Amino acid sequence: MKRVFVDRIESRSEGEPLAVLIVRESEGEYYEWVVPYSWLPAGTREGDMLDVHFERDSESRQQLRQEIADLLDELQQET
């Protein structure tokens, strides 16, 4: 889990709102992460702190690998 700070909300030229998140890597080392505002919990505002959690999806990975293998088999049969 990672804690991020919502620095600001901006809009793209197309009008889609974006959130600029500040992520602390270590003391004095920060970077910006720009994500669609729609990814954030409803009501998120500038100045909020968020907890971000990443989780591997092994099932989806296996399904994707199978789809790729099936497509390669299909392409090889066509030649």
Side-chain angles (χ1 to χ4, degrees):
M1 179 175 57
K2 200 72 161 159
R3 295 208 66 176
V4 300
F5 175 75
V6 181
D7 185 50
R8 62 190 182 276
I9 308 299
E10 300 179 344
S11 292
R12 288 186 176 169
S13 57
E14 302 87 39
E16 177 186 3
L18 298 173
V20 179
L21 309 177
I22 303 297
V23 182
R24 180 177 182 242
E25 185 60 31
S26 62
E27 184 65 37
E29 188 176 350
Y30 301 86
Y31 60 90
E32 290 185 351
W33 182 20
V34 180
V35 300
Y37 180 73
S38 61
W39 287 13
L40 305 182
T44 299
R45 299 181 350 194
E46 294 175 351
D48 285 349
M49 293 293 293
L50 302 172
D51 292 327
V52 179
H53 174 82
F54 296 96
E55 184 177 333
R56 288 185 62 205
D57 184 349
S58 299
E59 184 178 318
S60 292
R61 181 172 190 241
Q62 183 57 38
Q63 288 174 349
L64 181 58
R65 290 180 74 136
Q66 186 60 52
E67 289 174 19
I68 291 169
D70 292 345
L71 180 59
L72 286 172
D73 287 344
E74 184 179 321
L75 290 171
Q76 288 174 350
Q77 291 175 8
E78 290 179 2
T79 58

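Model, not experiment: these values are computed from the prediction.
In this structure, CD on Gln76 lies 11.0 Å from CD on Glu74, to the nearest 0.5 angstrom. Atom CG of Leu18 and atom CH2 of Trp33 lie 13.0 Å apart (nearest 0.5 Å). Rounding to the nearest 0.5 angstrom, the gap separating the CD atom in Gln77 from the CG atom in Leu72 is 11.0 Å.
Leu40 and Tyr31 fall within the same hydrophobic cluster, defined by Ile, Leu, Val, Met, Phe, Trp and Tyr side-chain heavy atoms under 4.5 Å apart, directly or through other members. Cluster annotation: Val4 is connected to Val35 through the hydrophobic network of ILVMFWY side chains, with a link wherever side-chain heavy atoms come within less than 4.5 Å.
The shortest heavy-atom contact between Ala19 and Ile9 is CB-CD1, 3.9 Å. When all heavy atoms of Lys2 and Glu25 are compared, the closest pair comes out as NZ-OE1, 4.2 Å.
Here the side chain of Tyr37 pairs no donor or acceptor atom with the backbone of Ser11 at under 3.5 angstrom.
Between Gln66 and Asp70, the side chains place a donor N or O and an acceptor N or O closer than 3.5 Å (distance only, hydrogens not considered).
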Apply the test side chain to side chain contact (heavy atoms under 4.5 Å, CB included) to residues Leu21 and Val6: give CA-CA distance (whole Å), side-chain angles for both, the deciding distance (0.1 Å), then the verdict. CA-CA 5 Å; Leu21 309 177; Val6 181; 3.8 Å; yes
Throw together a table of side-chain donor-acceptor distances under 3.5 angstrom for residues 48-56, partners on residues two or more places apart or in other chains.
from, atom 1, to, atom 2, distance (Å)
Asp48, OD2, Arg45, N, 2.8
Asp51, OD1, Arg3, NE, 3.1

